[in-house]
Chemist: 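Right, I'll just put the structure down here and ask away after.
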Amino acid sequence: MTVNTRAIYAPLLAVAAVGGLLGAFLGAPAGWVLLWAGLLLPLLALVARWSPVRSGALAASLGVAAVALWPVPLMWGTASWLEACGAAAFWALPAIAALAAGGHLRRQASRMRQAVRDGRRDQQLELARDLHDFVAHDVSAIVVQAQAARFVADKAPEQAIRALERIEAAGLGALASMDRTVHALREAAGARSASVPGTSELAGLVERFEGGVLETDPAAVRGLSREADTTAYRVAVEALTNVRRHAPGAAVVRVRLHRAAEGIELSVANSAPVRGASTLLGLRRRGGGTGLAGLRGRVEAAGGTLRAGASSDGGWRVCAVFPAQGHTLG
């Protein structure tokens, strides 16, 4: 239904209401006036459903008045004013019911449009989190390795070559993440989850991270639900990205996935950074976008808990615990 078709309902109702009411007061046959009043009812519903609020309200007022007042001229001389008012109130009921029906359909359509807008906004936020969680990790790796290569290129060319290899790997990882995001934009929301990596890719993730050590328990991987599996990978990406940003001098970063008393635990712990490393690499501390605050809600949505804080050796530790399949955390 086009906008022009919708816009005609209000003026059509107004003209029909005024013309029919004039005919009733000028002595038109009762049968024709009753038929005319009945035709006004669907017009009232259409105006309530489609017309703009301002013009629709004026036309609807005229329509209700016309339907309510049509029997009044027929009662002149045979009924009291009280009876005429009662007849007008009685005939106003179907007019109000027609308006209510059209208004209900209008409200339902508005709710549906709002639900679509909310769904699109949620999808946009989800894609923004994907870009932060995955692409920012690889981009930060490229920055750190490029800065390191610049400082060691003259004294240790072999170290610069290794840094360039890591830059290449991180760049390919960023491109793959961008491909997944673009693919998610083209696919339906229900098909997006298949493109999100999980804990099976932790080995490649940690391998690209200098100083990274991975410890995994195969039984723990099997104990994660699909949602928890992808969320655990996101936690690892975010934690490693934060290490690059805020503790680039950490000698060891240990990623561990194992069974714990509370469920399946993923932890990322880095040693204390070497003093002056951030200054050497020119890396400035800056905000991390959605960061761990955004991950906390994601972990809780997967049924788990997230903790982050300083460790006893001066480093930092991020720990996410997920329920094993078939169990829930207390």
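Given the structure is predicted, the values throughout are model-derived calculations rather than measurements. Heavy atoms only: backbone and side chains are in, while hydrogens, waters and symmetry mates are out.
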Chemist: Measuring from atom CZ of Arg254 to atom OG of Ser271, what distance do you get when rounded to the nearest 0.5 angstrom?
Modeler: 9.5 Å
Chemist: Distance from Phe25 atom CZ to Leu69 atom CG, nearest 0.5 Å?
Modeler: 5.5 Å
Chemist: Look up atom CD1 in Ile264 and atom OG in Ser225, then write down how far apart they are to the nearest 0.5 Å.
Modeler: 10.0 Å
Chemist: May I ask whether Val237 and Val221 are part of the same hydrophobic cluster, defined by side-chain heavy atoms of I, L, V, M, F, W, Y residues being less than 4.5 angstrom apart, directly or through others?
Modeler: yes
Chemist: Give the minimum heavy-atom separation between Asp313 and Ala272, together with the two atoms involved.
Modeler: O-CB, 3.6 Å
Chemist: Is a side-chain N or O of Ser110 found less than 3.5 angstrom from the main chain of Arg106, in a donor-acceptor match?
Modeler: no
Chemist: Mind running side-chain contact (heavy atoms from CB on, under 4.5 Å) on Asp118 and Arg121 for me, showing each step along the way?
Modeler: CA-CA 5 Å; Asp118 292 343; Arg121 185 180 66 251; 3.0 Å; yes
Chemist: How far apart are the closest heavy atoms of Leu214 and Leu202, and which atoms are they?
Modeler: CD2-C, 4.0 Å
Chemist: Can you tell me which residue among Arg259, His258, Arg256 is in a side-chain hydrogen bond (donor to acceptor under 3.5 Å, both in side chains) with Glu265?
Modeler: His258
Chemist: Side-chain contact, heavy-atom cut-off 4.5 Å: Leu164 with Ile167?
Modeler: yes
Chemist: Quick one: pull up CD in Glu262 and SG in Cys319 and give me the separation to the nearest 0.5 Å.
Modeler: 8.0 Å
Chemist: Answer yes or no: is there a side-chain heavy-atom contact under 4.5 Å between Val268 and Val253?
Modeler: yes
Chemist: Mark yes or no for whether Arg296, through its side chain, and Leu306, through its backbone, hold a donor-acceptor pair below 3.5 Å.
Modeler: yes
Chemist: Between Trp91 and Ala68, which heavy-atom pair has the shortest distance, and what is it?
Modeler: CB-CA, 4.0 Å
Chemist: Is it true that, when you exclude Arg54 itself, more than 12 heavy atoms of the residues, nucleotides or ligands shown sit nearer than 6.0 Å to its CZ?
Modeler: no
Chemist: Counting only heavy atoms not in Glu207, do more than 12 fall under 6.0 Å of its CD?
Modeler: no
Chemist: Is there a side-chain contact (heavy atoms from CB on, under 4.5 Å) between Phe322 and Leu224? Walk through the geometry before answering.
Modeler: CA-CA 7 Å; Phe322 301 93; Leu224 288 172; 3.8 Å; yes
Chemist: Side-chain heavy atoms nearer than 4.5 Å, only ILVMFWY residues, links allowed to pass through others: does that put Leu12 and Val18 together?
Modeler: no
Chemist: For Val255 and Leu266, what are the C-alpha separation, side-chain angles and deciding distance, and is it a side-chain contact (heavy atoms from CB on, under 4.5 Å)?
Modeler: CA-CA 7 Å; Val255 180; Leu266 172 79; 4.1 Å; yes
Chemist: Can you get from Leu13 to Leu41 by hopping between Ile, Leu, Val, Met, Phe, Trp and Tyr side chains that sit under 4.5 Å apart?
Modeler: yes
Chemist: Regarding Arg111 and Gln114, is there a side-chain donor-to-acceptor distance under 3.5 Å anywhere?
Modeler: no
Chemist: Report the distance from atom CD of Glu238 to atom CG of Leu295, rounding to the nearest 0.5 Å.
Modeler: 5.0 Å
Chemist: What heavy-atom pair brings Ala269 and Arg317 nearest, and what distance separates the two atoms?
Modeler: CB-CG, 3.9 Å
Chemist: Could you state the interatomic distance from CG (Leu62) to CG (Leu44), rounded to the nearest 0.5 Å?
Modeler: 10.0 Å
Chemist: Check whether Glu300 reaches the backbone of Gly297 with its side chain - one donor and one acceptor, N or O, closer than 3.5 Å.
Modeler: no
Chemist: Going by the side-chain contact (heavy atoms from CB on, under 4.5 Å) test, name the single residue among Thr231, Val235, Asp229, Thr230 that passes it with Thr199.
Modeler: Asp229
Chemist: Heavy atoms only: give me the nearest Gly212-Val206 pair and the separation to one decimal.
Modeler: C-CG1, 3.5 Å
Chemist: Set out, in order, the CA-CA distance, both residues' side-chain angles and the distance that settles side-chain contact (heavy atoms from CB on, under 4.5 Å) for Trp316 and Asn242, then state yes or no.
Modeler: CA-CA 10 Å; Trp316 191 264; Asn242 284 341; over 6 Å; no
Chemist: Hey, does the side chain of Trp36 reach the backbone of Ala16 with a donor-acceptor pair shorter than 3.5 angstrom?
Modeler: yes
Chemist: What pair of heavy atoms forms the shortest contact from Ala24 to Trp70, and how long is it?
Modeler: CB-O, 4.2 Å
Chemist: Can you get from Val213 to Leu240 by hopping between Ile, Leu, Val, Met, Phe, Trp and Tyr side chains that sit under 4.5 Å apart?
Modeler: no
Chemist: Look at the side-chain heavy atoms of Ile, Leu, Val, Met, Phe, Trp and Tyr, link any pair under 4.5 Å apart, and say whether Leu40 and Leu105 land in one connected group.
Modeler: no
